Amino acid sequence: MQADHFDQQKLLTLAAEDVALAQLAHRRRTLPENAAVTAAEDAQREFTADVVRAETVVRDLDREQKRLETDVDAVRARSDKDQQRLDSGAATPKEMTSLQQEMASLARRQGDLEDQVLELMERRETADATLATAQAGLDGAKADQARAEEGRDVALAEIAEGEQTHTAKRAEIAGTISALLLALYDRVATQTGSTGAAALHARRCEGCRIELYGTELAAARNADPHTVLRCENCNRILVRTAESGL
């Protein structure tokens with residue numbers, strides 16, 4: 001294939017734009033900010049679960065404490081009623097003995113219940129501390145996520161701007177290259193998954209980094225400047241420059 005030597009030179013600039021676009025695409029896929037967002041989301045889910053568990057414990061303790069306090073009130077009311085009966089003087093000696101025995105039993109029951117209430121209050125303090133720690137962790141994770149998302153959005157905006165700039169430059173360069181040569185370049189770029197042309201520098205293909213020798217080197221030396229050379233190893237278009245070493 002024949003193509004203007006200067007058009008072939010333009011392929012190197014086109015390839016540079018393709019490399020820049022590939023680097024931006026790679027950066028988009030591997031943004032550390034994405035990992036930071038994911039880590040913050042994971043932490044937020046863990047702390048949310050911790051908060052839910054802690055809140056459940058607090059609610060259960062509150063419910064149990066209210067039940068015990070209701071029982072204490074009932075025992076106290078019964079004891080007050082018995083005391084009133086004793087104070088009224090209307091009770092018979094046998095009834096008085098029974099009332100006194102019942103009041104003693106109620107006092108013991110009230111003491112046991114109040115001890116249980118105190119124990120629950122201590123457990124509630126521990127549960128409150130656990131809940132506060134989980135909530136603080138959740139708040140921190142939310143703040144971390146907000147910062148990570150902000151950093152990610154800034155990075156993505158920079159990438160998008162770079163992609164727009166390099167895409168425009170590529171289109172501008174491509175518009176000055178002959179259609180047949182450009183089509184060949186694009187076809188080879190699709191095959192290599194990167195660029196369709198590389199400089200021949202110091203007798204080495206800058207695409208695959210393999211040096212030309214033997215008949216391949218001789219063919220490159222003797223080729224017309226407008227002949228489109230191809231690398232036998234990577235199939236890229238070999239663009240000759242003053243530094244090709246031929």
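Below, each value reflects all heavy atoms present in this structure, side chains not excepted, and no hydrogens, waters or symmetry copies. These figures come from a predicted structure and were not determined experimentally.
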Do any N or O atoms from the side chain of [X] and from the backbone of [Y] form a donor-acceptor pair under 3.5 angstrom?
| X | Y | result |
| --- | --- | --- |
| Asp18 | Thr195 | no |
| Glu216 | Glu232 | yes |
| Ser98 | Lys94 | no |
| Asp7 | Ala3 | no |
| Gln9 | Arg240 | yes |

If we only count heavy atoms from C-beta on, is the [X] to [Y] side-chain gap below 4.5 Å?
| X | Y | result |
| --- | --- | --- |
| Leu86 | Met103 | yes |
| Arg230 | Arg236 | no |
| Thr241 | Ser244 | yes |
| Ile210 | Cys205 | no |
| Gln145 | Lys142 | no |
| Arg123 | Glu125 | no |

Just verifying a value: how many Å separate [X] [atom1] and [Y] [atom2], rounded to the nearest 0.5 Å?
| X | Y | atom1 | atom2 | result |
| --- | --- | --- | --- | --- |
| Glu55 | Asp50 | CD | CG | 11.0 Å |
| Glu41 | Glu46 | CD | CD | 12.5 Å |
| Leu212 | Cys231 | CG | SG | 6.5 Å |
| Glu149 | Asn34 | CD | CG | 10.5 Å |
| Gln8 | Ser178 | CD | OG | 9.0 Å |
| Asp115 | Gln110 | CG | CD | 10.5 Å |

If you measure from the Lys or Arg side-chain nitrogens to the Asp or Glu carboxylate oxygens, is any gap between [X] and [Y] under 4.0 Å?
| X | Y | value |
| --- | --- | --- |
| Asp73 | Arg76 | yes |
| Arg59 | Asp62 | no |
| Glu158 | Arg27 | yes |
| Glu206 | Arg204 | yes |

For [X] and [Y], work out which heavy atoms get closest and say how close.
| X | Y | result |
| --- | --- | --- |
| Ala141 | Phe47 | CB-CD1, 4.1 Å |
| Arg203 | Arg221 | NH1-NH2, 3.7 Å |
| Thr192 | Cys234 | CG2-O, 3.7 Å |
| Gly162 | Leu24 | C-CD1, 3.5 Å |
| Leu31 | Ala155 | CD2-CB, 3.8 Å |

Problem set entry | Stepwise salt bridge (Lys or Arg N to Asp or Glu O under 4.0 Å) check, Arg67 with Glu64 | CA-CA 5 Å; Arg67 185 189 67 79; Glu64 181 64 13; 2.5 Å; yes

Between [Y] and [X], is there a side-chain donor-acceptor contact under 3.5 Å, judged purely by atom types and distance?
| X | Y | result |
| --- | --- | --- |
| Asp112 | Gln116 | no |
| Asp139 | Gln135 | yes |
| His166 | Glu17 | yes |
| Thr227 | Gln2 | yes |

For this session: Tell me, yes or no, whether the heavy-atom count around Glu95 atom CD, taken from other residues, nucleotides or ligands under 6.0 Å, exceeds 12.
Result: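 Yes, the 6.0 Å shell around CD holds more than 12 heavy atoms from other groups.
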
Sequence-distant partners of [X], salt bridge (Lys or Arg N to Asp or Glu O under 4.0 Å), two or more places apart:
| X | value |
| --- | --- |
| Glu163 | Arg28 |
| Glu102 | Arg78 |
| Asp42 | Arg45 |

What's in the same ILVMFWY side-chain cluster as [X], cut-off under 4.5 Å, chained through other members?
| X | result |
| --- | --- |
| Val37 | none |
| Leu181 | Met1, Leu11, Leu12, Leu14, Ile173, Ile177, Leu180, Leu182, Leu184, Tyr185, Val188, Val228, Ile237, Val239 |
| Leu120 | Val57, Leu61, Leu68, Val72, Val75, Leu106, Leu113, Val117, Leu118, Met121 |

Problem set entry | Asp87: which of Arg85, Gln83, Gln84 passes side-chain hydrogen bond (donor to acceptor under 3.5 Å, both in side chains) |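 Going through Arg85, Gln83, Gln84 one by one, the side-chain hydrogen bond (donor to acceptor under 3.5 Å, both in side chains) with Asp87 is satisfied by Gln83 alone.
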
Problem set entry | Worked verdict on Arg170 versus Asp186 for salt bridge (Lys or Arg N to Asp or Glu O under 4.0 Å) | CA-CA 12 Å; Arg170 188 191 192 284; Asp186 288 338; 3.1 Å; yes

Exercise. Would Arg147 and Asp144 satisfy salt bridge (Lys or Arg N to Asp or Glu O under 4.0 Å), going step by step from the backbone distance to the final call?
Worked result: CA-CA 5 Å; Arg147 285 192 294 270; Asp144 289 342; 2.3 Å; yes

